[in-house]
Amino acid sequence: MNKVSLGATGLRVNRLIFGTLPLGPLQANLSAAEGGALIRHALESGVTLLDTAELYGTYPHIREALRGFSGECLIASKTHATTAADARSHVLKALQELALERLDIVHIHGARLADPCSDRAEVLGELLLLKEEGKIRHVGLSSHYITAFRIAAGHPEIDVVHPLVNRTGMGIMDGSAAQMAEAIACCAKNGKGVYAMKALAGGNLISDARASIRYVLGLPGVDALALGMLSRQEIDANLKLCSLDEADEEIWETLEMRRRKFKIMEKFCNGCGACIDACTAEALVLESGVATVKEEECILCGYCAAACPDFLIRVV
């Protein structure tokens with residue numbers, strides 16, 4: 001499969017990046033063996049970069065996939081830490097659970113932060129220290145804010161950016177898809193590696209998936225795209241589309257009929273509001289003391305599920 005350069009990092013990646021969020025407890029809750037088998041299939045088929053995070057709970061899936069694997073595999077993780085100590089703890093945990101000596105990319109996980117470089121300055125400093133120690137190759141930034149990437153474009157210590165972008169602008173916190181595209185192009189111009197997320201807006205654009213994926217991959221400056229995948233059919237179809245711009249009509253007609261959504265076990269919801277505070281898309285509301293999902297706004301990011309103290313939110 002074709003590879004592209006990830007900005008000026010020196011890393012070369014397949015244009016399809018495996019987003020592991022859907023495999024874990026925040027969404028499909030696959031076993032390590034089930035999720036690992038899907039990741040392994042992707043790696044053996046040409047995927048070279050896996051995207052994960054401290055929040056996702058998918059390190060066991062990745063470790064299972066890498067068991068006995070001798071091919072190329074790059075790992076990008078994220079820390080949502082607010083302190084240097086927690087950031088270091090998250091990185092060391094990832095290294096231990098994945099049985100690695102170094103992570104290729106670690107992002108500041110700042111979905112709801114317009115200026116993560118300042119708001120998480122202590123975390124950024126610790127990641128840079130970990131980079132000096134050889135535990136991280138590149139420091140990155142993940143956000144849903146255009147402002148964050150405008151700032152990152154001129155920040156000398158941010159090597160990679162992971163922006164939310166899709167053709168409708170769904171989930172972008174402070175502007176339009178066109179404005180996000182401008183920020184992405186500026187990042188790329190300044191040598192930042194760019195791999196995008198939420199091209200399908202968490203499944204909301206699944207009925208026109210091919211056009212939505214092509215839109216994001218066609219944006220100036222976008223090197224690659226992270227997609228969550230839950231079947232071999234999805235992996236194979238996305239690989240051909242992203243790497244070769246080929247699409248089997250019959251397979252894609254089947255895939256584009258699928259639409260996942262969040263389900264809240266309303267019977268047990270106590271209305272604490274933790275999920276509402278965590279939602280980056282303002283897709284949750286309290287109705288009659290119970291959390292309710294506005295499906296037309298939901299981008300299936302999974303942060304609400306992570307915030308629920310009683311684990312009552314699942315993807316179905």
Side-chain angles (χ1 to χ4, degrees), residues 1-23 38-39 41-53 56 58 62 65 71-78 103-107 109 137-144 148-149 152-153 158-167 171 177 180-202 205 209-229 234-247 301:
M1 290 288 181
N2 299 327
K3 292 182 184 179
V4 297
S5 295
L6 192 60
T9 64
L11 302 177
R12 290 186 59 78
V13 300
N14 188 289
R15 297 203 81 191
L16 175 66
I17 292 169
F18 198 123
T20 64
L21 168 62
L23 304 178
L38 288 175
I39 296 171
H41 174 71
L43 292 172
E44 291 177 343
S45 299
V47 168
T48 54
L49 175 58
L50 308 179
D51 177 81
T52 184
Y56 294 176
T58 56
I62 295 172
E72 181 182 12
C73 181
L74 304 173
I75 305 290
S77 191
K78 311 177 192 74
L103 296 169
D104 297 288
I105 303 166
V106 176
H107 297 284
H109 205 169
R137 290 178 74 178
H138 300 286
V139 174
L141 172 62
S142 172
S143 181
H144 296 184
F149 300 108
I158 298 297
D159 302 322
V160 183
V161 294
H162 186 35
L164 182 157
V165 64
N166 54 68
R167 58 188 178 84
M180 181 65 88
E182 290 175 0
I184 287 170
C186 189
C187 285
K189 182 180 179 181
N190 290 344
K192 315 300 180 184
V194 180
Y195 72 95
M197 61 169 154
K198 303 299 182 188
L200 302 182
L205 304 179
R210 283 167 286 180
S212 298
I213 289 170
R214 283 171 168 146
Y215 165 82
V216 173
L217 287 176
L219 291 174
V222 171
D223 301 315
L225 171 63
L227 289 171
M229 298 171 284
E234 286 183 83
I235 293 166
D236 294 343
N238 284 320
L239 261 172
K240 285 186 178 180
L241 185 64
C242 294
S243 295
L244 306 174
D245 197 25
E246 296 177 358
C301 64

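- Among all heavy-atom pairs drawn from Tyr56 and Thr20, the shortest one is CD1-OG1, 3.9 Å.
- Among Pro163, Cys301, Ser212, the single residue meeting the side chain to side chain contact (heavy atoms under 4.5 Å, CB included) criterion with Lys198 is Cys301.
- Side-chain contact between Lys3 and Glu72 is present, with at least one heavy-atom pair separated by less than 4.5 Å.
- In this structure, Glu234 CD and Leu38 CG are separated by 9.0 Å, a value rounded to the nearest 0.5 Å.
- Contact between His138 and Val160 at its shortest, heavy atoms only, is CB-CG2, 4.3 Å.
- For Leu43 against Cys73, the heavy-atom pair with the smallest separation is CD2-SG, 3.9 Å.
- Here the closest heavy-atom approach between residue Ala152 and residue Val161 is recorded as CB-CG1, 4.0 Å.
- Across every non-hydrogen atom of Ser45 and Leu239, the tightest pair is CB-CD1, 3.4 Å.
- Here the CZ atom belonging to Arg12 is positioned 13.5 Å from the CG atom belonging to Leu49, to the nearest 0.5 angstrom.
- Between the side chains of Ser243 and Asn14, a donor-acceptor pair is found at a separation under 3.5 Å.
- Considering only heavy atoms from C-beta on, Val4 comes within 4.5 Å of Val13 through its side chain.
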Between His41 and Val47, is a side-chain contact (heavy atoms from CB on, under 4.5 Å) present by the stated rule, with each step listed?
CA-CA 9 Å; His41 174 71; Val47 168; over 6 Å; no

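- Judged purely by atom type and a 3.5 angstrom limit, Lys240 has no side-chain atom pairing as donor or acceptor with the backbone of Asp245.
- Of all heavy-atom pairs spanning Asn166 and Ala199, the tightest one is CB-O, 3.4 Å.
- For the side chain to side chain contact (heavy atoms under 4.5 Å, CB included) with Phe18, the lone residue among Leu227, Ile235, Thr48 that qualifies is Ile235.
- To the nearest 0.5 Å, the span separating CG on Leu6 from CG on Leu74 amounts to 9.0 Å.
- Interatomic distance, CG of Asn2 versus CG of Leu16, reported as 12.5 Å (0.5 Å rounding).
- The distance from atom CZ of Arg167 to atom CG of Leu200, rounded to the nearest 0.5 Å, is 9.0 Å.
- If you take CD1 on Ile39 and CD1 on Ile62, they are separated by 5.0 Å, rounding to the nearest 0.5 Å.
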Which atom pairs, donor and acceptor, lie under 3.5 Å between side-chain atoms of residues 186-197 and protein residues at least two apart or in another chain?
unit_1	atom_1	unit_2	atom_2	d
Asn190	ND2	Ala153	O	2.7
Lys192	NZ	His155	O	2.5
Lys192	NZ	Ile158	O	2.8
Tyr195	OH	Asp51	OD1	2.6
Tyr195	OH	His107	NE2	2.8

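- Using modelled atom types, one side-chain atom of Arg15 and one backbone atom of Leu217 make a donor-acceptor pair closer than 3.5 Å.
- Leu11 places a side-chain heavy atom less than 4.5 Å from the side chain of Ile105.
- Side chain of Asp104 to backbone of Ile75: a donor-acceptor contact under 3.5 angstrom is found.
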